[in-house]
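One structure below.
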Amino acid sequence: MKYYFLCEEFLKYIDTNDIEISIKNYINNNYEILNDIYFTPKKIDKDKIEDVIKDKEYKNLLLNMISNLKNIDLEKTFANIIDKLGNILNYKNVSKKIYVIIGLNTTTIYSTKYKNEDVTVILLESSLGLEENIKMLLAHEYTHWIREKEIKHDIFESCIGERFITEGIACNFSEEIVPNNKKSYYCIVPDEAVKWVENNMQLLDKMVQNELYKKDMMYDFFYMFAKTKLPDMPARTGYVYGYLKVKKYIEKYSLKVKDIVNIDWKIILKENQGEIDYESHSRLCN
(Lines give C-alpha, C1' and ligand atoms only; values in the text may rest on other atoms or scores of the structure.)
Protein backbone atom coordinates (compact mmCIF):
# COMPACT_ATOMS: atom_id res chain seq x y z
CA MET A 1 0.00 0.00 0.00
CA LYS A 2 1.05 3.55 -0.67
CA TYR A 3 -0.40 6.29 1.52
CA TYR A 4 -0.67 9.96 0.64
CA PHE A 5 -1.68 12.05 3.63
CA LEU A 6 -2.71 15.33 2.04
CA CYS A 7 -4.50 16.09 5.31
CA GLU A 8 -1.15 16.43 7.11
CA GLU A 9 -0.57 19.94 5.77
CA PHE A 10 -3.89 21.06 7.21
CA LEU A 11 -3.19 19.36 10.55
CA LYS A 12 0.34 20.76 10.73
CA TYR A 13 -0.57 24.37 10.08
CA ILE A 14 -4.04 24.50 11.61
CA ASP A 15 -4.94 27.67 13.48
CA THR A 16 -7.81 26.65 15.72
CA ASN A 17 -8.61 30.33 16.29
CA ASP A 18 -9.19 30.80 12.57
CA ILE A 19 -10.05 27.41 11.16
CA GLU A 20 -11.75 29.01 8.16
CA ILE A 21 -8.47 30.48 6.94
CA SER A 22 -6.68 27.20 7.61
CA ILE A 23 -9.04 25.15 5.44
CA LYS A 24 -8.91 27.80 2.68
CA ASN A 25 -5.11 27.69 2.67
CA TYR A 26 -5.12 23.91 2.58
CA ILE A 27 -7.53 23.80 -0.38
CA ASN A 28 -5.68 26.54 -2.28
CA ASN A 29 -2.31 24.85 -1.77
CA ASN A 30 -3.61 21.46 -2.89
CA TYR A 31 -6.34 22.49 -5.30
CA GLU A 32 -4.97 20.77 -8.40
CA ILE A 33 -4.88 17.29 -6.88
CA LEU A 34 -8.04 17.83 -4.80
CA ASN A 35 -9.85 18.86 -7.94
CA ASP A 36 -8.76 15.68 -9.71
CA ILE A 37 -9.51 13.21 -6.92
CA TYR A 38 -12.34 14.95 -5.08
CA PHE A 39 -14.09 18.07 -6.40
CA THR A 40 -14.49 16.86 -9.99
CA PRO A 41 -15.45 13.20 -9.37
CA LYS A 42 -17.83 14.21 -6.58
CA LYS A 43 -19.29 17.06 -8.68
CA ILE A 44 -18.68 19.75 -6.08
CA ASP A 45 -18.93 23.22 -7.58
CA LYS A 46 -16.10 25.55 -6.68
CA ASP A 47 -18.56 28.32 -5.79
CA LYS A 48 -20.10 26.10 -3.08
CA ILE A 49 -16.81 25.51 -1.28
CA GLU A 50 -16.94 28.90 0.41
CA ASP A 51 -20.37 28.17 1.91
CA VAL A 52 -19.21 24.87 3.40
CA ILE A 53 -16.06 26.38 4.88
CA LYS A 54 -18.12 29.07 6.64
CA ASP A 55 -20.59 26.57 8.07
CA LYS A 56 -20.40 26.55 11.85
CA GLU A 57 -21.21 22.83 12.18
CA TYR A 58 -18.45 21.92 9.73
CA LYS A 59 -15.91 24.02 11.62
CA ASN A 60 -16.93 22.38 14.91
CA LEU A 61 -16.61 18.96 13.28
CA LEU A 62 -13.03 19.81 12.24
CA LEU A 63 -12.20 21.00 15.75
CA ASN A 64 -13.51 17.73 17.22
CA MET A 65 -11.52 15.74 14.68
CA ILE A 66 -8.33 17.64 15.51
CA SER A 67 -8.87 16.97 19.21
CA ASN A 68 -9.36 13.23 18.60
CA LEU A 69 -6.22 12.99 16.45
CA LYS A 70 -3.83 14.45 19.05
CA ASN A 71 -2.27 11.14 20.03
CA ILE A 72 -2.68 9.25 16.74
CA ASP A 73 0.10 8.49 14.27
CA LEU A 74 -2.01 8.34 11.12
CA GLU A 75 0.41 6.46 8.89
CA LYS A 76 1.10 3.82 11.53
CA THR A 77 -2.61 3.52 12.32
CA PHE A 78 -3.58 3.01 8.67
CA ALA A 79 -0.79 0.49 8.06
CA ASN A 80 -1.70 -1.56 11.16
CA ILE A 81 -5.41 -1.61 10.29
CA ILE A 82 -4.78 -2.67 6.68
CA ASP A 83 -2.42 -5.43 7.82
CA LYS A 84 -4.98 -6.82 10.28
CA LEU A 85 -7.79 -6.70 7.70
CA GLY A 86 -5.66 -8.67 5.26
CA ASN A 87 -5.00 -11.30 7.93
CA ILE A 88 -8.68 -11.65 8.80
CA LEU A 89 -9.75 -11.97 5.17
CA ASN A 90 -6.77 -14.24 4.42
CA TYR A 91 -6.01 -12.03 1.44
CA LYS A 92 -3.03 -9.69 1.20
CA ASN A 93 -2.57 -9.65 -2.56
CA VAL A 94 -3.73 -6.02 -2.70
CA SER A 95 -1.76 -2.96 -3.74
CA LYS A 96 -3.55 0.38 -3.62
CA LYS A 97 -2.80 4.06 -3.44
CA ILE A 98 -4.77 5.63 -0.59
CA TYR A 99 -5.23 9.39 -0.38
CA VAL A 100 -6.28 10.74 3.01
CA ILE A 101 -7.72 14.23 2.60
CA ILE A 102 -9.83 16.90 4.23
CA GLY A 103 -12.82 17.12 1.92
CA LEU A 104 -15.72 19.22 3.21
CA ASN A 105 -17.46 16.17 4.76
CA THR A 106 -19.61 15.37 1.73
CA THR A 107 -18.79 11.64 1.64
CA THR A 108 -16.64 9.07 3.44
CA ILE A 109 -14.44 6.75 1.34
CA TYR A 110 -14.56 5.95 -2.36
CA SER A 111 -12.60 4.82 -5.42
CA THR A 112 -11.80 7.09 -8.33
CA LYS A 113 -9.42 7.43 -11.26
CA TYR A 114 -6.30 9.54 -10.88
CA LYS A 115 -3.67 9.64 -13.61
CA ASN A 116 -5.34 6.62 -15.25
CA GLU A 117 -5.08 4.56 -12.08
CA ASP A 118 -7.70 3.40 -9.60
CA VAL A 119 -7.09 5.05 -6.23
CA THR A 120 -8.92 5.13 -2.92
CA VAL A 121 -9.79 8.43 -1.23
CA ILE A 122 -10.87 8.75 2.40
CA LEU A 123 -12.19 11.98 3.90
CA LEU A 124 -10.55 12.15 7.29
CA GLU A 125 -13.19 14.39 8.84
CA SER A 126 -15.86 11.78 8.05
CA SER A 127 -14.11 9.53 10.59
CA LEU A 128 -14.10 12.29 13.24
CA GLY A 129 -10.47 11.27 13.75
CA LEU A 130 -11.57 8.14 15.65
CA GLU A 131 -9.66 4.92 15.01
CA GLU A 132 -12.86 2.85 15.23
CA ASN A 133 -14.41 4.83 12.38
CA ILE A 134 -11.25 4.65 10.26
CA LYS A 135 -11.23 0.88 10.80
CA MET A 136 -14.90 0.58 9.81
CA LEU A 137 -14.39 2.52 6.57
CA LEU A 138 -11.23 0.65 5.59
CA ALA A 139 -12.90 -2.69 6.31
CA HIS A 140 -15.69 -1.76 3.92
CA GLU A 141 -13.23 -0.78 1.22
CA TYR A 142 -10.92 -3.77 1.66
CA THR A 143 -13.65 -6.15 0.49
CA HIS A 144 -14.12 -3.95 -2.60
CA TRP A 145 -10.40 -4.21 -3.37
CA ILE A 146 -10.60 -8.00 -3.29
CA ARG A 147 -13.69 -8.18 -5.47
CA GLU A 148 -12.22 -5.71 -7.94
CA LYS A 149 -9.17 -7.97 -8.25
CA GLU A 150 -10.92 -11.35 -8.34
CA ILE A 151 -14.13 -10.67 -10.27
CA LYS A 152 -13.87 -10.14 -13.99
CA HIS A 153 -16.45 -7.39 -14.39
CA ASP A 154 -17.12 -3.95 -12.97
CA ILE A 155 -18.39 -4.57 -9.44
CA PHE A 156 -20.01 -1.14 -9.22
CA GLU A 157 -21.60 -0.59 -12.61
CA SER A 158 -22.12 -3.98 -14.33
CA CYS A 159 -25.56 -4.63 -12.82
CA ILE A 160 -27.59 -3.92 -9.73
CA GLY A 161 -27.43 -7.51 -8.46
CA GLU A 162 -23.64 -7.31 -8.27
CA ARG A 163 -23.78 -3.92 -6.59
CA PHE A 164 -26.23 -5.12 -3.92
CA ILE A 165 -23.99 -8.00 -2.91
CA THR A 166 -20.71 -6.09 -3.25
CA GLU A 167 -21.98 -3.38 -0.89
CA GLY A 168 -23.71 -5.91 1.35
CA ILE A 169 -20.46 -7.84 1.85
CA ALA A 170 -18.64 -4.59 2.61
CA CYS A 171 -21.19 -3.45 5.20
CA ASN A 172 -21.20 -6.86 6.89
CA PHE A 173 -17.40 -6.89 7.10
CA SER A 174 -17.48 -3.46 8.73
CA GLU A 175 -19.80 -4.96 11.33
CA GLU A 176 -17.53 -7.97 11.80
CA ILE A 177 -14.56 -5.69 12.44
CA VAL A 178 -16.30 -3.02 14.55
CA PRO A 179 -19.24 -4.83 16.20
CA ASN A 180 -22.10 -3.58 18.38
CA ASN A 181 -23.12 -0.50 16.42
CA LYS A 182 -26.36 0.37 14.64
CA LYS A 183 -27.10 -1.10 11.22
CA SER A 184 -27.19 2.44 9.88
CA TYR A 185 -23.57 2.92 10.98
CA TYR A 186 -22.38 0.05 8.79
CA CYS A 187 -24.56 1.03 5.84
CA ILE A 188 -23.66 4.72 6.23
CA VAL A 189 -27.28 5.85 6.01
CA PRO A 190 -29.79 7.44 8.42
CA ASP A 191 -31.69 5.16 10.82
CA GLU A 192 -34.89 5.92 8.92
CA ALA A 193 -33.47 4.33 5.75
CA VAL A 194 -32.78 1.07 7.58
CA LYS A 195 -36.28 0.98 9.06
CA TRP A 196 -37.83 1.67 5.68
CA VAL A 197 -35.98 -1.17 4.00
CA GLU A 198 -36.73 -3.62 6.82
CA ASN A 199 -40.43 -2.74 6.54
CA ASN A 200 -40.48 -3.03 2.75
CA MET A 201 -38.30 -6.03 1.91
CA GLN A 202 -41.05 -7.87 0.03
CA LEU A 203 -41.86 -4.76 -1.97
CA LEU A 204 -38.18 -4.32 -2.85
CA ASP A 205 -37.79 -8.02 -3.73
CA LYS A 206 -40.62 -7.68 -6.22
CA MET A 207 -39.32 -4.34 -7.48
CA VAL A 208 -35.85 -5.71 -8.35
CA GLN A 209 -36.87 -9.23 -9.38
CA ASN A 210 -36.48 -8.56 -13.10
CA GLU A 211 -33.81 -5.86 -12.74
CA LEU A 212 -30.90 -7.72 -11.14
CA TYR A 213 -28.96 -8.21 -14.38
CA LYS A 214 -29.51 -4.59 -15.40
CA LYS A 215 -28.16 -1.29 -14.12
CA ASP A 216 -31.17 0.91 -14.82
CA MET A 217 -32.04 1.29 -11.12
CA MET A 218 -28.50 1.98 -9.89
CA TYR A 219 -29.42 5.64 -9.42
CA ASP A 220 -32.49 4.85 -7.31
CA PHE A 221 -30.64 2.58 -4.91
CA PHE A 222 -27.17 4.04 -4.54
CA TYR A 223 -27.02 7.77 -5.25
CA MET A 224 -26.99 10.25 -2.39
CA PHE A 225 -29.56 12.69 -3.79
CA ALA A 226 -31.63 10.32 -5.88
CA LYS A 227 -35.26 11.12 -6.64
CA THR A 228 -36.49 7.56 -6.45
CA LYS A 229 -39.34 5.96 -8.36
CA LEU A 230 -41.12 5.22 -5.08
CA PRO A 231 -42.04 8.59 -3.52
CA ASP A 232 -41.32 7.55 0.09
CA MET A 233 -38.19 5.46 -0.64
CA PRO A 234 -35.08 7.00 0.99
CA ALA A 235 -31.82 7.45 -0.92
CA ARG A 236 -29.03 4.84 -0.72
CA THR A 237 -31.34 2.01 0.31
CA GLY A 238 -29.30 -0.36 -1.87
CA TYR A 239 -26.66 -0.52 0.84
CA VAL A 240 -29.23 -1.62 3.40
CA TYR A 241 -30.92 -4.09 1.05
CA GLY A 242 -27.57 -5.68 0.19
CA TYR A 243 -26.49 -5.71 3.83
CA LEU A 244 -29.65 -7.56 4.89
CA LYS A 245 -29.43 -10.09 2.04
CA VAL A 246 -25.80 -10.91 2.83
CA LYS A 247 -26.52 -10.97 6.57
CA LYS A 248 -29.29 -13.53 6.07
CA TYR A 249 -26.98 -15.69 3.99
CA ILE A 250 -23.96 -15.73 6.30
CA GLU A 251 -26.12 -16.35 9.37
CA LYS A 252 -27.96 -19.23 7.70
CA TYR A 253 -24.71 -21.04 6.90
CA SER A 254 -22.65 -19.78 9.89
CA LEU A 255 -20.11 -18.10 7.64
CA LYS A 256 -17.67 -15.22 7.99
CA VAL A 257 -17.15 -12.57 5.34
CA LYS A 258 -13.80 -14.16 4.41
CA ASP A 259 -15.79 -17.20 3.23
CA ILE A 260 -17.82 -15.19 0.72
CA VAL A 261 -15.74 -12.12 -0.08
CA ASN A 262 -15.37 -13.08 -3.75
CA ILE A 263 -18.64 -15.01 -4.13
CA ASP A 264 -20.74 -14.72 -7.29
CA TRP A 265 -23.56 -12.31 -6.41
CA LYS A 266 -26.11 -14.62 -8.03
CA ILE A 267 -25.47 -17.32 -5.43
CA ILE A 268 -26.67 -15.13 -2.58
CA LEU A 269 -29.62 -13.50 -4.29
CA LYS A 270 -30.84 -16.71 -5.94
CA GLU A 271 -30.44 -18.60 -2.68
CA ASN A 272 -32.43 -15.92 -0.88
CA GLN A 273 -35.17 -16.47 -3.43
CA GLY A 274 -35.12 -20.23 -2.83
CA GLU A 275 -33.59 -20.94 -6.24
CA ILE A 276 -30.33 -22.48 -5.05
CA ASP A 277 -29.49 -24.84 -2.18
CA TYR A 278 -26.41 -25.11 -0.01
CA GLU A 279 -24.96 -28.01 -1.98
CA SER A 280 -25.09 -25.86 -5.11
CA HIS A 281 -23.60 -23.00 -3.12
CA SER A 282 -20.64 -25.15 -2.07
CA ARG A 283 -20.07 -26.39 -5.61
CA LEU A 284 -20.20 -22.90 -7.10
CA CYS A 285 -17.87 -21.45 -4.48
CA ASN A 286 -15.19 -24.11 -4.96
Quiz prompt | Cation-pi geometry met for Arg163 and Phe222 (6.0 Å, 45°) | solution = yes

Quiz item: Is there a donor-acceptor contact under 3.5 Å from the side chain of Ser67 to the main chain of Leu63?
Solution: no

Quiz item: Considering residues at least two apart in sequence or located in another chain, which fulfil the side-chain hydrogen bond (donor to acceptor under 3.5 Å, both in side chains) criterion with Asp118?
Solution: Lys113

Quiz item: So if you build clusters from Ile, Leu, Val, Met, Phe, Trp, Tyr with side-chain heavy-atom gaps below 4.5 Å, do Leu203 and Val208 land together?
Solution: yes

Quiz item: If you measure from the Lys or Arg side-chain nitrogens to the Asp or Glu carboxylate oxygens, is any gap between Asp191 and Lys183 under 4.0 Å?
Solution: no

Exercise. Please confirm whether the backbone N or O of Val94 pairs with a side-chain atom of Tyr142, one donor and one acceptor, at under 3.5 Å?
Key: no

Quiz item: After noting the C-alpha distance and the side-chain angles of Tyr58 and Ile19, does the key distance pass the side chain to side chain contact (heavy atoms under 4.5 Å, CB included) rule?
Solution: CA-CA 10 Å; Tyr58 179 66; Ile19 200 163; over 6 Å; no

Quiz item: Is a side-chain N or O of Asn35 found less than 3.5 angstrom from the main chain of Tyr31, in a donor-acceptor match?
Solution: no

Quiz prompt | Pair Glu192-Ser184, side-chain donor/acceptor within less than 3.5 Å | solution = no

Quiz item: Do NZ/NE/NH1/NH2 and the carboxylate oxygens of Glu162 and Lys215 come within less than 4.0 Å?
Solution: no

Self-check item: Contact summary for Ile53 and Glu20, nearest pair of heavy atoms
Solution: CG2-CG, 3.3 Å

Quiz prompt | Partner of Tyr99 under ring pair (Phe, Tyr, Trp, His ring centres under 6.0 Å), chosen from Phe78, Tyr3, Tyr4 | solution = Tyr4

Quiz item: Do any N or O atoms from the side chain of Asp259 and from the backbone of Lys256 form a donor-acceptor pair under 3.5 angstrom?
Solution: yes

Quiz item: Are Val246 and Ile151 connected in the hydrophobic side-chain network, where two residues link if heavy atoms are under 4.5 Å apart?
Solution: no

Quiz prompt | Interatomic distance, Leu123 atom CG to Met65 atom CE [nearest 0.5 angstrom] | solution = 10.5 Å

Quiz item: What residues, two or more places apart in sequence or in another chain, satisfy side-chain hydrogen bond (donor to acceptor under 3.5 Å, both in side chains) together with Glu175?
Solution: Tyr243, Lys247

Quiz item: Which of these passes side chain to side chain contact (heavy atoms under 4.5 Å, CB included) with Phe173: Ile260, Val178, Val257, Val261?
Solution: Val257

Practice problem: Mark yes or no: Lys245 above the aromatic ring of Phe164, with NZ or CZ under 6.0 Å from the six-membered ring centre and no more than 45 degrees from the axis. | Solution: no

Exercise. Indicate yes or no for a side-chain donor-acceptor contact from Ser158 to the backbone of Asp154 under 3.5 Å, with no hydrogens or angles considered.
Key: yes

Self-check item: Donor-acceptor under 3.5 Å (Ser127 side chain, Leu124 main chain)
Solution: yes

Exercise. Indicate, with yes or no, if Tyr239 and Met201 share a hydrophobic cluster defined by side-chain heavy-atom contacts under 4.5 Å among Ile, Leu, Val, Met, Phe, Trp and Tyr.
Key: yes

